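What follows is a short report on a single structure.
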Amino acid sequence: MRHSLLVRARQCPPMSNIHDKDRYLPSEIEPRWQAFWDEHRTFETRRKPGSPKLYVLDMFPYPSGSGLHVGHPEGYTATDIVARHARMKGVDVLHPMGWDAFGLPAEQYAIQTGTHPSAKTAENIQTFRRQLKMLGFSYDWSREVNTTDPSYVRWTQWIFLQLFRRGLAVQSEIPVNWCPDLGTVLANEEVIDGKSERGGFPVLRQPLRQWLLRITAYADRLAGDLDLLEWPDTKQKQLNWIGRSEGVEIDFKVDGADEKLRVFTTRPDTLFGATYMVIAPEHPAVDRITTAEQKPEVQSYVAAAIVKSDMDRTALAKTKTGVSTGAFAINPVNGERIPIWVADYVLGAYGTGAVMAVPGHDERDFEFAGQYGLPIVEVVSPDGALHDSLSAAFVDDGVAVRSGQFDGLRTPEMKQKITDHLASLGIAARKVNYKLRDWVFSRQRYWGEPFPIYFPVDLDDPSADPRTGAPHKVRYDQPIAVEDSELPVRLPDLTDFRPGNDPRGPLARAVDWVYFQKEGRWFARETNTMPQWAGSCWYYLRFLDPSNEERIFSEQAYDDWMPVDLYVGGSEHAVLHLLYARFWHKVLFDVGVVKHPEPFIKLVHQGMILGENNEKMSKARGNVINPDDVVREFGADSLRIYEMFMGPLEQVKPWQTSGIQGARRFLERTWKICNGELCEAIDEETARLLHKTIKKVGDDIDSMRFNTAVSALMILSNHLASLEACPRQAARALVLLLSPFAPHIAEELWSRLGGAQTLAFEPWPTYDENLVRDDTVEIGVQVNGKVRGRIMLAKDASEQQALELARAEKNIAMYLEGKGLKKVIYKPGLILNIIVDK
RNA sequence: GCCGAAGUGGCGGAAUGGCAGACGCAGCGGAUUCAAAAUCCGCCGUCCUUACGGGCGUGAGGGUUCAAGUCCCUCCUUCGGCACCA
């Protein structure tokens, strides 16, 4: 009885008797090492003269109320691996993190609860910081920035003033979607059939004073400098967005009036086929040229069109509408009178807001002409022959026909010739247009950066106080920049953050903030705020020198780290954020603040992680994976390993909870190897595998193929686990190779293997080329292109030797027997292909 | 419609034009266990064959090549972006 109890106790000791030392306990190891890194300031940025540098940047998060989701650690783990690997290679690394903390959700929450948005924002940041630390990222937390911090806002405003002083920030009355019932301006996406998406209230297209940033002035450079960048398809997306288009502007006389209409076209070669002209409803000449009898119809058409949102005007499958102005233009090449129409398929904001319509060679004009019975003339023929009727617009290049002296020219040549001809008459000029529009930069919101701008106030009674509602006029036409020394302009405290029914926004209610006196004169502050993009446009620059009170950053800090070598973030920012940031950078380049034309050299977008059901993760779908839960159950290292192992970083991939189990098993195995019996000698097979793994993991990190790097580590770990005892040098190297991926377990094992302090700066293992290269290899032997066997031979074996070995294989010999040898293809180390008679 | 990316086992995926399916998940069989979990060993594209082996296989169809998942052409599907930009 006693005996069996003893045996049982030995075989199955109660939990408390197992030395924690022997078990892999992420919940114990991980916080301990995080505390170590914090206490020892392990990852505070150091810049050593003469060392190479690497600036590895993550797109900083908006600290939402729901906390981190599993998508965040994907990109963040990737950059962390790159950063940790670089440190071990002796590179100085800048790897910072911060918060893009202005924005609507915090404001909505404030409206609902009446608490100040800064309170909720601070709380959310706490959560995000805790979660990021929990994942063991090697950020230099001493450089944390927060876009809502006044010391940060100060420099956002300072940059705005640079734009303002250069005439790149201007005010304009542009039509916006104003919803009086909701008391706010809405985005195009928030307007459906002229009503607000929420509530169904009427939305008016109303001109409202807005700040515009003249990004179009930089369109050419923003397009051209993409060539300097190591970016994925994002470049193409930006090019499409910028929409550079080379064409010609041509003047048409209006018949019987002293009026010219200028059109933009990319197809001047089709001028002979222009059978009517269309101007946009917003075109300034509409009123002047419309004949008396057409006036009522045109006016009502224009009135209806202008109120429509862009969405309504460009709605899919919508049939085109338009009305005749009754006026005619003269086609400059053939003197024909062509009718001028108003139609909203022509955009007022692009080109000249007027087009020459060539229904024979433009699909839109073809459709419109068919609808209103306008003539369709072929002037470009695919084969040079004349065709009397067209069933569809022919938009490809061809040969000019019905084009007078130009007949017979091919389209590209025709474009040149006719443009030269028109230019010599002084009625045309080559022109480049862009789809890109100027950037509407103001929001009628509370939780954003105030503009560092104020305006003079004209009072009817100069002794009155505008704060009491005395009649006055704000001179928006005379914007004044706040002095640099007075920055930042802080947000006033409000208790009610609702937008209200005033298009000036909630800040207008803070009358004591808005109005102030200077040298006896009253002034009013700008009450719009900046959009959320503002802070994220330049945060990568503040990381250089985040606590500099004197300057945006020091020149030394700039020279130390810029440009950003690697930038990782979601592709949802492919155009907006990444275009805006490039624009600001170029302005700062012109100001002389930065020295490189582009901020982000290499860009990578991590792919979205879908839910286990292959759908986008969302609360509504109930498929959200919470990193807190995953870390509690499996540990941060397992999460990191799994997310890197899922597949290529850029790819969209579904989460599989069972998959993370595999990552955990791999770490358990590695734990067991390193805590088990070690030996000093190393056998050749192990040495070869080890050195190959060292090479592969390094190469894979360099090319950001983390999934195959993890795979290589697993193969090594599986092999070492199969040995009686693990060679000490293999265990040490495995731990170092693993450390960028799973830093906590690696630090723990490293210290148990006798390593000092931290492995964060331990030299990255090197490999022996001789051990990486195999002398003896197994190659496939094909007969007539089909693999029939495999042979082991020296890497540099001769063709003769290879053939002999192949013939010795029974199966291969069978296929060769009695057949005449026609040809032998032998690629040493790769393949032997024997071609024989059939 | 236009631009871009991608289609490989049951699943995630791997493969400088040279042995398709590495590695992992799931599954199956076995060892261990009173039992289970965990762990360890083995099998694991598909069809034919007791086996040795063979046929077929990387969205579809054609082509180039001694050799194609990989290169070229046509098409289909999925995903992302743009969408009357003259």
Side-chain angles (χ1 to χ4, degrees), chain A residues 8 11-12 232-241 243-245 247-248 263-267 270 274 278 313-318 320 343-347 349-358 361-365 367-368 395 433-437 571-572 574-575 605 607-608 610 612 614 641-642 645-648 650-663 665-666 668-669 672 705 707-715 717-718 721-722 778-791 810-811 814 822-827 829-835:
Chain A
R8 190 169 169 153
Q11 283 175 338
C12 185
D233 336 329
T234 310
K235 277 199 218 185
Q236 194 56 49
K237 281 188 192 167
Q238 291 208 351
L239 275 177
N240 292 345
W241 187 265
R244 187 189 148 93
S245 168
V248 180
V263 302
F264 174 74
T265 180
T266 56
R267 294 296 302 273
T270 61
V278 187
R313 277 180 60 168
T314 64
L316 261 169
K318 189 192 73 138
K320 295 185 175 24
D344 66 4
Y345 81 89
V346 169
L347 306 174
Y350 182 76
T352 61
V355 301
M356 63 181 216
V358 185
H361 306 287
D362 181 281
E363 281 166 11
R364 297 151 301 182
D365 297 341
E367 185 194 334
F368 190 79
V395 298
N433 264 320
Y434 298 93
K435 282 205 279 193
L436 185 67
R437 304 292 163 79
S571 61
E572 65 273 23
V575 275
H605 297 301
M608 205 191 333
L610 304 175
E612 290 198 90
N614 246 298
I641 289 278
Y642 172 61
F645 185 63
M646 289 172 82
E650 301 85 347
Q651 198 164 300
V652 176
K653 30 201 186 282
W655 179 270
Q656 290 182 325
T657 295
S658 60
I660 197 172
Q661 192 66 251
R665 272 201 276 266
F666 159 60
E668 294 271 10
R669 190 172 304 131
K672 213 181 281 177
R705 298 191 310 184
N707 54 329
T708 50
V710 172
S711 164
L713 291 169
M714 286 174 167
I715 292 168
S717 165
N718 287 345
S722 72
E778 187 182 45
I779 66 169
V781 178
Q782 299 178 336
V783 178
N784 288 345
K786 283 204 182 294
V787 181
R788 298 300 180 185
R790 42 203 67 182
I791 52 174
K810 205 173 75 190
N811 199 43
M814 212 169 75
K822 276 169 72 178
K823 189 175 178 183
V824 174
I825 292 125
Y826 174 58
K827 300 275 174 188
L830 289 175
I831 199 87
L832 174 66
N833 191 1
I834 304 167
I835 313 299

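In what follows, chains are A, B, ... by sequence order, proteins preceding strands, each numbered from 1. The shown structure was predicted, so the numbers you read here are calculated from the model rather than taken from an experiment. Hydrogens, waters and symmetry mates are skipped; everything else that's a heavy atom, side chains included, is used.
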Worksheet item: How close or far is atom C1' of B/G13 from atom CE of A/M714, stated in whole angstroms?
Response: 12 Å
Item to complete: Calculate the interatomic distance between A/Y826 atom OH and B/G18 atom P; express it in whole Å.
Response: 16 Å
Discussion item. I need the CH2-C1' distance between A/W655 and B/G12, as an integer number of Å.
Written reply: 13 Å
Worksheet entry | Euclidean distance, atom CG of residue A/N614 to atom P of B/A6 [Å, nearest integer] | 19 Å
Worksheet entry | Nearest-neighbour nucleotide for the A/R788 side chain, B/G54, B/A26, B/A86 considered | B/G54
Worksheet item: What nucleic acid atoms does A/D365 come within less than 4.0 Å of, heavy atoms only: base, sugar-phosphate, or nothing?
Response: nothing
Item to complete: Give, for atom CD of A/E650 and atom OG of A/S571, the distance between the pair rounded to the nearest 0.5 Å.
Response: 11.0 Å
Practice prompt. List for me each residue that meets ring-ring contact (aromatic ring centres under 6.0 Å, His included) alongside A/W241, sequence neighbours excluded, and say none if there are none.
Written response: none
Practice prompt. Just name whichever nucleotide pairs with B/U32, Watson-Crick or G-U, keeping both distances under 3.5 Å, else none.
Written response: none
Worksheet item: Are A/V824 and A/I835 side-chain neighbours, meaning at least one heavy-atom pair lies under 4.5 Å?
Response: no
Worksheet item: Any side-chain N or O of A/Y345 less than 4.0 Å from the OP1 or OP2 oxygen of B/A86?
Response: no
Worksheet item: C1' atom, B/U33 versus B/A15: distance in rounded Å?
Response: 41 Å
Discussion item. Over all strands shown, is A/K237 touching base, sugar-phosphate only, or nothing at heavy-atom distances under 4.0 angstrom?
Written reply: sugar-phosphate
Worksheet item: For A/R790, does its backbone N or O pair with a side-chain atom of A/E778 as donor and acceptor, under 3.5 Å?
Response: no
Worksheet entry | Gap in Å between the two C1' atoms, one belonging to B/G54 and one to B/U39, rounded | 39 Å
Worksheet item: Out of B/G24, B/C84, B/A86, which nucleotide sits closest to the side chain of A/V346?
Response: B/A86
Item to complete: Figure out the CD/P separation between A/E668 and B/A38, and round it to whole Å.
Response: 12 Å
Worksheet item: So, A/K823 side chain and A/N833 main chain: donor-acceptor pair closer than 3.5 Å or not?
Response: no
Item to complete: Compare all side-chain heavy atoms of A/R669 with those of A/N718 and state whether any distance is below 4.5 angstrom.
Response: yes
Discussion item. Using a 3.5 Å distance criterion without hydrogens, assess whether the side chain of A/K786 forms a donor-acceptor pair with backbone atoms of A/N784.
Written reply: no
Worksheet entry | Gap in Å between the two P atoms, one belonging to B/C71 and one to B/A14, rounded | 15 Å
Practice prompt. Indicate whether OP1 or OP2 belonging to B/G24 is found under 4.0 Å from a side-chain N or O atom of A/N718.
Written response: yes
Worksheet item: Rounded to whole angstrom units, what separation is found between the NZ atom of A/K786 and the C1' atom of B/C56?
Response: 9 Å
List every contact pair, protein side and nucleotides 14-16 of chain B side both N or O, where the distance is under 3.5 Å.
{"residue": "B/A14", "atom": "OP1", "partner": "A/N707", "partner atom": "ND2", "Å": "2.8"}

Worksheet item: In the structure shown, which nucleotide is the Watson-Crick or G-U wobble counterpart of B/G24, with both distances under 3.5 Å?
Response: B/C11
Practice prompt. Determine the Euclidean distance between corresponding P atoms of B/G53 and B/A20; express it in Å to zero decimal places.
Written response: 15 Å
Worksheet item: Which base, if any, makes a Watson-Crick or G-U wobble pair with B/C2, both distances under 3.5 Å?
Response: B/G81
Worksheet item: Given B/C19, B/A86, B/C3, which nucleotide is nearest the side-chain atoms of A/V787?
Response: B/C19
Worksheet item: From the list B/C11, B/C23, B/C3, which nucleotide is the closest neighbour of the side chain of A/N240?
Response: B/C3
Worksheet item: Of the nucleotides B/G24, B/A86, B/G18, which one has an atom closest to the side chain of A/I831?
Response: B/G18
Can you tabulate the close N/O pairs, meaning under 3.5 Å, that link protein atoms to atoms of nucleotides 44-49 of chain B?
none

Response to the item:
Those residues at least two apart in sequence (or on a different chain) that pass ring-ring contact (aromatic ring centres under 6.0 Å, His included) with A/Y642 are A/W655
Discussion item. Between B/G7 and B/A60, how far apart are the two C1' atoms, rounded to whole Å?
Written reply: 12 Å
Item to complete: Could you give the distance separating B/C52 and B/C19 at their P atoms, to the nearest angstrom?
Response: 23 Å
Worksheet item: Would B/G21 be called syn or anti, given that syn covers angles within 90° of 0?
Response: anti
Practice prompt. Could you give me the CA-CA distance, side-chain angles and deciding distance for A/T234 and A/H605, then say whether side chain to side chain contact (heavy atoms under 4.5 Å, CB included) is met?
Written response: CA-CA 9 Å; A/T234 310; A/H605 297 301; 2.6 Å; yes
Discussion item. Closest-nucleotide mapping onto RNA chain B: is A/Y642 or A/K672 further toward the 5' terminus? I mean the 5' end.
Written reply: A/Y642
Fill in: A/Q238 side-chain N/O to A/A574 backbone N/O, donor-acceptor pair under 3.5 Å
yes
Worksheet item: Distance between the P atoms of B/G12 and B/A26, in whole angstroms?
Response: 15 Å
Discussion item. Using Watson-Crick or G-U wobble geometry with both distances under 3.5 Å, which nucleotide pairs with B/U58?
Written reply: none
Discussion item. For B/G24 and A/R665 - does any side-chain N or O of the residue sit under 4.0 Å from the phosphate oxygens OP1/OP2?
Written reply: no
Worksheet item: Judged by atom type as modelled, is there a donor-acceptor pair below 3.5 Å linking the side chain of A/N811 to the main-chain atoms of A/R788?
Response: yes
Discussion item. Quick check with a 6.0 Å cut-off and a 45 degree axis cone: is A/K320 positioned over the face of A/F368's six-membered ring?
Written reply: no
Discussion item. Measuring to OP1 and OP2 of B/A86, would you say a side-chain N or O of A/S245 lies under 4.0 angstrom away?
Written reply: yes
Worksheet item: Rounded to whole angstrom units, what separation is found between the CD atom of A/E363 and the P atom of B/G1?
Response: 11 Å
Worksheet entry | Interatomic distance at C1', B/A5 relative to B/C66, whole Å | 33 Å
Worksheet item: Is the shortest side-chain N/O distance from A/R669 to OP1 or OP2 of B/C40 below 4.0 Å?
Response: yes
Response to the item:
Against the side chain of A/R790, the closest entry in B/G54, B/A26, B/C19 is B/C19
Item to complete: Compare all side-chain heavy atoms of A/F264 with those of A/Y350 and state whether any distance is below 4.5 angstrom.
Response: yes
Worksheet item: What integer distance in Å separates A/E367:CD from B/G1:P?
Response: 15 Å
Worksheet, complete the sentence: Mate of B/U70 across any strand shown (Watson-Crick or G-U wobble, both atom pairs under 3.5 Å) is none
Worksheet entry | Residue A/W241, side-chain heavy atoms: nucleotide from B/A26, B/A86, B/C82 that is nearest | B/C82
Discussion item. Contact between A/V652 and A/L610 at the side-chain level, heavy atoms closer than 4.5 Å - yes or no?
Written reply: yes
Worksheet entry | Polar side-chain atom of A/D362 near backbone of A/D365 as donor-acceptor pair, under 3.5 Å | yes
Worksheet item: A/K653 has a side chain; which of B/C19, B/G13, B/G4 sits nearest to it?
Response: B/G13
Discussion item. Applying side chain to side chain donor-acceptor pair (under 3.5 Å), can you list everything that pairs with A/N614, at least two apart in sequence or on another chain?
Written reply: none
Set out, line by line, the N/O atom pairs under 3.5 Å between protein and nucleotides 63-71 of chain B.
{"residue": "B/C66", "atom": "O2'", "partner": "A/N833", "partner atom": "ND2", "Å": "3.4"}
{"residue": "B/C66", "atom": "O2", "partner": "A/N833", "partner atom": "ND2", "Å": "2.7"}

